[in-house]
Novice: 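One structure, pasted below without further comment.
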Amino acid sequence: MKASLAPVIILIAAILWGTVGTAKIYLPPGVDSISIGAMRLIIGSIILLVIARLLGQLTFRGWPVKMVLTAGLAMALFQPFFFNAVTLTGVAVGTVASIGSAPVFSGLIEWLFFKVRPGRVWWISTTLAITGCAILMFNTGSITVDPLGILSGLGAGISFASYTIMNSRLVQHHHPIATAAIVFTISALMLTPFLVINDQSWMITASGISVALYIGLFGTGLAYFLFAYGLKYVKSSSAVTLALAEPLTASLLGVLFVGEVLALWSWVGLLMLLMGLAILALQSRKRPRQVDLHT
């Protein structure tokens with residue numbers, strides 16, 4: 001697959017993520033955020049492990065332990081933060097707060113800890129996208145902006161940014177499918193104990209099983225494999241900005257299928273967000289990061 005398609009692959013992954021918040025709405029009432037996050041990781045990790053094995057890419061040797069554990073912890077923390085934000089503030093605002101804050105955290109982490117200064121195009125596109133997210137968040141119609149929900153979203157944002165940066169470095173030396181499989185298996189193991197503590201009766205319902213399978217297979221397994229592949233050729237700071245297609249998708253799905261209402265200014269925010277993504281996607285396609293996929 002051509003490196004120039006990497007930004008498009010990341011956008012597809014983000015669109016799949018954007019369906020997760022809407023899918024959660026169809027779960028039985030009372031499902032806690034940690035349990036759905038744990039099931040998402042368990043199902044996703046199993047799928048990724050099987051695919052990695054079938055492709056002959058699964059290996060348990062040569063992994064930098066500290067980096068893998070950091071990526072796994074970040075993804076494990078992202079799950080309850082994200083689902084809690086969606087529960088408290090709704091699909092649109094919860095997803096915007098979670099993923100909309102990630103580019104800021106990603107740019108700061110790369111700058112402060114890895115001495116990688118973002119380029120001018122990143123600043124322009126990210127400023128447009130984040131401004132659009134802010135307008136979308138604070139100019140909603142029937143949606144309540146819950147402070148605890150916003151804090152949960154910020155926790156999800158820094159978790160997602162940390163995962164992306166660690167994963168971006170891992171895929172430079174390991175196959176994307178193997179990287180996703182190993183990291184998600186570790187994340188799943190971290191959250192599995194909570195399944196014993198919390199009530200899991202929702203998993204024996206038709207809606208519970210179908211939603212969990214959808215989120216695990218498509219919103220996790222397929223989406224994060226595509227994202228990991230795209231990170232071979234796109235800088236982590238740019239990838240996190242491209243991931244803002246998730247709140248764009250979630251907002252539209254929230255309006256179309258959940259009945260959430262967005263005010264006029266919110267649509268202006270969506271347009272700005274879309275413009276920011278388009279600028280970065282076009283720039284990234286012109287100057288992809290060239291890396292050998294089989295290193």
Side-chain angles (χ1 to χ4, degrees), residues 1-23 44 48 75 78 82 91-92 95-107 118-119 121-133 136 156-157 160-161 163-165 167-168 171 176-177 179-180 214-215 217-256 267 269-291 293:
M1 192 174 294
K2 295 182 179 180
S4 60
L5 294 178
V8 178
I9 292 173
I10 291 176
L11 287 174
I12 293 174
I15 290 171
L16 287 172
W17 293 333
T19 65
V20 170
T22 301
L48 292 167
M75 183 46 58
F78 173 79
F82 172 74
V91 174
T95 308
V96 166
S98 299
I99 306 303
S101 62
V104 177
F105 290 124
S106 179
V121 173
W122 180 87
W123 282 109
I124 294 173
S125 59
T126 301
T127 299
L128 268 173
I130 292 176
T131 301
C133 284
L136 177 62
F160 182 73
Y163 161 78
T164 301
I165 290 171
N167 203 48
S168 178
V171 296
I177 188 64
T179 300
Y214 173 80
I215 292 176
L217 292 172
F218 297 98
T220 306
L222 176 59
Y224 277 98
F225 165 63
L226 294 174
F227 186 66
Y229 186 94
L231 284 174
K232 294 287 291 187
Y233 305 100
V234 177
K235 291 196 306 181
S236 55
S237 57
S238 297
V240 173
T241 300
L242 290 170
L244 290 175
E246 177 179 354
L248 177 65
T249 303
S251 297
L252 293 175
L253 290 177
V255 171
L256 295 175
W267 293 104
L270 285 176
L271 180 60
M272 293 182 68
L273 174 52
L274 184 60
M275 288 173 59
L277 293 176
I279 291 172
L280 189 59
L282 291 174
Q283 179 66 18
S284 298
R285 288 197 65 181
K286 292 178 182 178
R287 301 175 59 183
R289 182 171 63 180
Q290 298 294 335
V291 181
L293 181 59

Novice: With sequence neighbours excluded, tell me which residues meet ring pair (Phe, Tyr, Trp, His ring centres under 6.0 Å) with F78.
Specialist: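 Result, ring pair (Phe, Tyr, Trp, His ring centres under 6.0 Å) vs F78: F82, F160.
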Novice: Quick one, T220 and I215 - any side-chain contact, counting heavy atoms below 4.5 Å?
Specialist: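 Heavy-atom side-chain distance check passes, below 4.5 Å.
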Novice: Identify the heavy atoms of A180 and L48 that sit nearest to each other, and give their distance.
Specialist: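 Where A180 meets L48 most closely, the heavy atoms are O-CD1, 3.7 Å.
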Novice: Flag yes if more than 12 heavy atoms outside Y214 fall under 6.0 Å of its OH atom; otherwise flag no.
Specialist: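 Yes.
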Novice: To the nearest 0.5 Å, what is the distance between OH on Y229 and CD1 on I12?
Specialist: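 So the gap between those two atoms works out to 12.5 Å.
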Novice: Could you pull out the closest heavy-atom pair between L16 and T19, with the gap in Å?
Specialist: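 Nearest pair, atom of L16 first, then T19: O-OG1, 2.6 Å.
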Novice: Search all heavy atoms of L242 against all heavy atoms of A14 and return the closest pair with its distance.
Specialist: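 In terms of heavy atoms, the two residues are closest at O-CB, 4.1 Å.
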Novice: Working to the nearest 0.5 angstrom, can you tell me the gap between E246 CD and I10 CD1?
Specialist: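 Answer for the CD-CD1 pair, E246 versus I10, is 13.5 Å.
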Novice: Checking the side chain of T249 only, and the main-chain atoms of A245 only, is there a donor and an acceptor separated by less than 3.5 Å?
Specialist: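 At least one qualifying donor-acceptor pair exists.
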Novice: Does the side chain of T164 come within less than 4.5 Å of F227's, by heavy atoms?
Specialist: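 Yes, close enough: below the 4.5 Å cut-off.
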Novice: Please round to the nearest 0.5 Å and tell me the distance separating atom CE of M275 and atom CG of L128.
Specialist: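 Going from CE on M275 over to CG on L128, the span is 5.5 Å.
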Novice: Are the side chains of Y233 and I9 in touch, meaning some heavy atoms are under 4.5 Å apart?
Specialist: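 Not touching, per the 4.5 Å side-chain cut-off.
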Novice: Of the non-hydrogen atoms in I165 and S236, which two are nearest, and what is the gap between them?
Specialist: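 Smallest heavy-atom distance, with atoms named: CG1-OG, 3.8 Å.
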Novice: Quick check: closest heavy atoms across A102 and A161, and the distance to 0.1 Å?
Specialist: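 Answer, listing the atom of A102 first, then A161: O-CB, 3.6 Å.
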Novice: Please examine the side chains of T179 and L231, heavy atoms only from C-beta on, and report whether any two atoms are closer than 4.5 Å.
Specialist: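 With C-beta onward as the side chain, the pair stays apart.
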Novice: For V171 and A228, work out which heavy atoms get closest and say how close.
Specialist: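 Closest heavy-atom pair between V171 and A228: CG1-O, 3.8 Å.
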